[in-house]
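A short write-up of the structure that comes next.
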Amino acid sequence: MEQQKKEELFSQIDFLIGIFEKNNPVSKDKKFSIEAVKQTIDEMIAYIVKNADEAGALRNWMNEHDFWKTPASTRFHGNWESGLCVHTLMVITQALRFAKGFVENYEQSPMDGKFEFTAEDLFVACLAHDFCKADSYMIEYRNTKDFMGNWIKKPFYKTKEDSRNLGHGNESVLLLLESMPSFLKRRNVIEAISRHMGFSDLTDTEMMNYSNFLQNPLVPLIQLADETASGWWDC
């Protein structure tokens with residue numbers, strides 16, 4: 001990566017991290033404010049997304065698809081109201097924190113110069129990686145006993161029965177393109193979203209050339225950010 005591009009990338013990464021630290025939406029003791037989470041993501045969009053029309057369409061899509069209230073899963077990480085937006089913000093933040101080391105390490109490898117990414121690429125890939133989950137769950141109730149032994153109806157999340165999904169990562173790519181069609185030409189971002197689940201979301205045919213996608217540094221970077229957000233931050 002040319003030095004000027006690298007300096008711009010690192011400067012924008014620092015600015016985005018600064019937005020997170022200023023708003024403090026998720027603390028180390030796992031306390032969070034949904035309003036602060038929403039404000040932080042909105043400020044990041046305003047700063048890093050260059051196309052104003054697509055930025056507006058992106059915000060509209062997130063509002064219309066209940067992005068801010070959807071859980072991140074039915075029974076794993078972030079399986080509570082608004083879990084998806086909290087998880088997404090932590091994936092963004094983790095990726096930003098890892099990015100400089102990734103770039104510098106990548107430059108020491110034989111792949112140096114083959115793939116590059118911008119701060120906008122990184123941000124959008126993280127933001128959209130789980131778009132397929134937005135508005136895809138419903139609340140149902142099961143009979144269970146409380147601590148006094150009384151039967152009560154306990155709510156739980158369940159995937160909507162009419163859900164149609166082309167695969168976790170691929171579905172998220174399609175949903176991103178609804179509001180940001182220019183990213184159809186950003187293959188590195190599409191690959192990062194499509195392959196962010198690693199081997200767990202691939203068909204046998206897709207597994208045959210999976211190692212090729214790992215040459216794109218955004219792919220393992222988003223995977224690591226996703227895993228540490230859920231594993232270290234419990235969201």
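- Contact check for E120 versus V124: side-chain heavy atoms found under the 4.5 Å cut-off.
- Residues V91 and F131 do not share a hydrophobic cluster, defined by chaining ILVMFWY side chains whose heavy atoms lie under 4.5 Å apart.
- Just one residue in the list K114, E191, R187, R195 forms a side-chain hydrogen bond (donor to acceptor under 3.5 Å, both in side chains) with N216, and that residue is E191.
- Residues F117 and L221 come closest through the heavy atom pair CZ-CD2, 4.1 Å.
- A donor-acceptor pair under 3.5 Å links the side-chain atoms of S82 to the main chain of W68, judged by distance alone.
- For S109 (side chain) and N105 (main-chain N/O), no donor-acceptor pair under 3.5 Å exists by modelled atom type.
- One N or O on the side chain of S27 and one on the backbone of K31 form a donor-acceptor pair closer than 3.5 Å.
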- Item | Verdict with reasoning, S11 to D14, per side-chain hydrogen bond (donor to acceptor under 3.5 Å, both in side chains) | CA-CA 5 Å; S11 175; D14 288 340; over 6 Å; no
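- Taking all atoms of both residues into account, the shortest heavy-atom contact from M1 to D112 is N-OD1, 4.1 Å.
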side-chain hydrogen bond (donor to acceptor under 3.5 Å, both in side chains) for E104 and Q108? Distances and angles first, verdict last.
CA-CA 7 Å; E104 292 174 345; Q108 302 303 312; over 6 Å; no
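- Nearest heavy atoms, S172 versus A128: CB-O, 3.3 Å.
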Open item on the list: Assess the residue pair E7 and Q3 against the criterion (side-chain hydrogen bond (donor to acceptor under 3.5 Å, both in side chains)); give the C-alpha distance rounded to whole Å, side-chain angles, the decisive distance to 0.1 Å, and a yes or no.
Closed with: CA-CA 6 Å; E7 290 175 358; Q3 187 62 28; 3.3 Å; yes
* To do: Please report the C-alpha distance between K69 and D135 in whole Å, then the side-chain angles of each, then the deciding distance to 0.1 Å, and finally whether the side-chain contact (heavy atoms from CB on, under 4.5 Å) criterion is met.
  => CA-CA 8 Å; K69 290 188 177 181; D135 198 28; over 6 Å; no
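- Classified by interplanar angle (parallel below 30°, tilted 30° to 60°, perpendicular above 60°), the ring pair W80/F32 is parallel.
- To the nearest 0.5 Å, atoms CH2 (W233) and OG1 (T228) are separated by 10.0 Å.
- Taking CG from L84 and CG from D130, the interatomic distance works out to 6.0 Å, rounded to the nearest 0.5 Å.
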| request: Could you walk me through whether L175 and W61 pass the side-chain contact (heavy atoms from CB on, under 4.5 Å) test, one step at a time? | output: CA-CA 9 Å; L175 294 174; W61 187 94; 3.7 Å; yes
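- Heavy-atom neighbours of R97 CZ from other residues, nucleotides or ligands within 6.0 Å: above the threshold of 12.
- A donor-acceptor pair shorter than 3.5 Å cannot be found between the side chains of E54 and S179.
- A single hydrophobic cluster is seen to contain both L218 and L184, as judged by linkage of ILVMFWY side chains at heavy-atom distances under 4.5 Å, directly or through other members.
- Annotation: K100, atom NZ; neighbour count of heavy atoms from other residues, nucleotides and ligands within 6.0 Å is above 12.
- Criterion: ILVMFWY side-chain heavy atoms under 4.5 Å apart, direct or through other members. Under it, L127 and I17 are part of a common hydrophobic cluster.
- Residues D42 and R59 are in side-chain contact: their nearest non-hydrogen atoms beyond the backbone lie under 4.5 Å apart.
- Using modelled atom types and a 3.5 Å distance limit, the side chains of Q223 and E227 yield no donor-acceptor pair.
- One finds the CD1 atom of I48 at 7.0 Å from the OG1 atom of T118 (value rounded to the nearest 0.5 Å).
- The structure places CD of E8 at 11.0 Å from CD of E2, a figure rounded to the nearest 0.5 Å.
- A single hydrophobic cluster is not seen to contain both F213 and Y106; linkage of ILVMFWY side chains at heavy-atom distances under 4.5 Å, directly or through other members, places them apart.
- Between W232 and F98, the ring planes are perpendicular. Angles over 60° get that label, and only those under 30° would be called parallel.
- In plain terms, the two heavy atoms of R186 and D121 that are nearest each other are NH1-OD1, 2.7 Å.
- Atom CD1 of I190 sits about 11.5 Å away from atom NZ of K185, to the nearest 0.5 Å.
- Shown here for V26 and F20, the closest heavy-atom pair between the two residues is O-CZ, 3.8 Å.
- Looking at L224 and Q94, their side chains never come closer than 4.5 Å, going by heavy atoms from C-beta outward.
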What's the verdict on side-chain contact (heavy atoms from CB on, under 4.5 Å) for N63 and K38, showing C-alpha distance, side-chain angles and the deciding distance?
CA-CA 11 Å; N63 290 330; K38 187 173 183 178; 3.9 Å; yes
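- Residues I222 and V103 fall within the same hydrophobic cluster, defined by Ile, Leu, Val, Met, Phe, Trp and Tyr side chains chained together at heavy-atom separations under 4.5 Å.
- Once rounded to the nearest 0.5 Å, the distance linking CD1 of I41 with CG of L58 reads 9.5 Å.
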Between C126 and T88, is the side-chain contact (heavy atoms from CB on, under 4.5 Å) condition met? List the steps. CA-CA 7 Å; C126 292; T88 298; 5.9 Å; no
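- Shortest non-hydrogen contact noted between I193 and H129 is CG2-CA, 4.0 Å.
- The local environment of CD in E107 is crowded, with over 12 non-hydrogen atoms from other residues, nucleotides or ligands closer than 6.0 Å.
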